[in-house]
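Counting from 1, the numbers follow the sequence of the chain as shown.
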Amino acid sequence: MRTATVARKTAETGIEVTLDLDGTGTYDNQTGVGFFDHMLDQLARHALIDMTVRCDGDLHVDDHHTVEDTGIALGQALTQAMGDKRGIRRYGSCLLPMDDALVRAALDLSGRPYLVWHVELTVPQIKTFDTELVREFFQAFATHGGITLHVDGLRGVNAHHVTEAAFKAVARALRDALETDPRKSDAIPSTKGSL
């Protein structure tokens with residue numbers, strides 16, 4: 001079973017994340033940040049990962065700690081659930097359209113965290129959500145999930161559409177990378193023998 005539960009407690013946030021990498025995309029995400037919850041729902045649904053997130057953060061300060069720390073906890077849970085990564089496809093990519101937005105995501109579950117982020121969001125906020133936190137989430141998720149992640153916003157004028165397309169594109173790429181390779185289901189996908 002590729003599942004994990006991670007609890008993370010700091011002076012700024014208390015988070016519990018549960019993942020099932022072989023799920024159906026069911027989700028129950030409650031961080032106190034409505035737009036962010038909506039994005040986490042997209043991540044779960046389109047990656048076909050069952051995901052539950054509970055976060056009690058210092059929202060009286062701002063949303064930053066909640067968003068970043070959730071990315072950290074999700075990355076840690078992903079790493080734990082993958083185990084030795086035996087049998088996974090490892091790589092995934094997606095070119096995802098959403099109305100005016102077109103976003104490309106490509107990733108490698110290599111254990112070598114690296115984020116390349118070329119996504120322009122045209123407004124500083126979506127309702128009350130700071131758009132700079134989108135990159136912060138993916139930086140934390142990639143770092144603690146051991147993911148080499150490239151995200152490119154190819155076009156788009158509506159920041160909500162571009163952000164949602166980014167989450168969905170990463171989700172679809174993640175789904176592909178986590179799938180079991182039927183031709184090598186017993187092997188670690190690396191000539192080094194470990195990831």
Side-chain angles (χ1 to χ4, degrees), residues 2 4 6 8 15 17 19 21 23 25 27 29 31 35-36 38-49 51 53 64 66-85 87-98 101-121 129-156 159-181 188-190 192 194-195:
R2 298 190 302 168
V6 168
R8 186 175 191 276
I15 300 174
V17 171
L19 296 182
L21 303 186
Y27 50 84
N29 301 310
T31 66
F35 180 75
F36 183 49
H38 179 52
M39 294 302 103
L40 293 176
D41 295 348
Q42 301 307 316
L43 187 63
R45 172 64 185 88
H46 292 280
L48 291 184
I49 293 173
M51 180 189 301
V53 176
H64 187 108
T66 292
V67 172
E68 181 177 34
D69 289 5
T70 299
I72 291 169
L74 278 170
Q76 291 172 341
L78 177 68
T79 297
Q80 185 178 328
M82 285 189 294
D84 69 1
K85 303 178 186 174
I88 67 169
R89 292 184 184 270
R90 179 179 166 178
Y91 297 98
S93 63
C94 179
L95 184 62
L96 194 130
M98 183 172 174
L102 184 64
V103 176
R104 178 179 55 219
L107 59 82
D108 176 8
L109 299 175
S110 62
R112 296 187 306 275
Y114 198 90
L115 176 67
V116 177
W117 181 261
H118 292 291
V119 179
E120 183 179 349
L121 297 170
F129 183 82
D130 291 332
T131 53
E132 68 181 5
L133 296 181
V134 179
R135 185 190 185 284
E136 292 299 319
F137 169 78
F138 283 113
Q139 180 68 67
F141 182 59
T143 297
H144 292 270
I147 305 167
T148 299
L149 175 61
H150 292 246
V151 186
D152 297 291
L154 303 179
R155 63 180 62 96
H160 186 135
H161 293 165
V162 173
T163 301
E164 190 164 337
F167 272 84
K168 288 177 175 177
V170 170
R172 295 295 298 208
L174 190 59
R175 175 181 171 180
D176 287 350
L178 288 169
E179 288 288 327
T180 300
D181 186 338
I188 293 171
S190 172
K192 294 189 296 286
S194 68
L195 284 173

### Task
Kindly give the heavy-atom pair with the smallest separation between Gly153 and Val103, and that separation in Å.
CA-CG2, 4.3 Å
#### Entry: Main-chain N/O of Leu109 paired to Lys85 side chain as donor or acceptor, under 3.5 Å
yes
### Query
In terms of ring plane angle, is the pair Phe141 and Phe138 parallel, tilted or perpendicular, where the classes change at 30° and 60°?
perpendicular
#### Entry: Under 3.5 Å donor-acceptor, Thr70 side chain and Phe137 backbone
no
### Task
Would you indicate whether the side-chain heavy atoms of Asp176 and Arg172 approach each other to under 4.5 Å?
no
### Query
Within a radius of less than 6.0 Å around CZ of Arg45, do more than 12 heavy atoms belonging to other residues, nucleotides or ligands occur?
no
### Task
Hey, can you tell me if Phe129 and Phe35 have their rings parallel, tilted or perpendicular (30° and 60° cut-offs)?
tilted
### Query
CG of Leu133 to CE of Met39: how many Å apart, nearest 0.5 Å?
13.0 Å
#### Entry: Side-chain donor/acceptor of Thr148 to backbone N/O of Arg112, under 3.5 Å
yes
### Query
What closest approach, in Å, do Ala177 and Leu107 show between heavy atoms, and which atom pair accounts for it?
CB-CD1, 3.6 Å
#### Entry: Closest approach of Pro189 to Leu195 (non-hydrogen atoms, all atoms of both residues)
CG-CD1, 3.7 Å
### Message
Less than 4.5 Å apart, side chain to side chain, heavy atoms only: is that true for Leu174 and Ile49?
### Response
yes
### Query
Are the aromatic rings of His38 and Phe167 close, with centres under 6.0 Å apart?
no
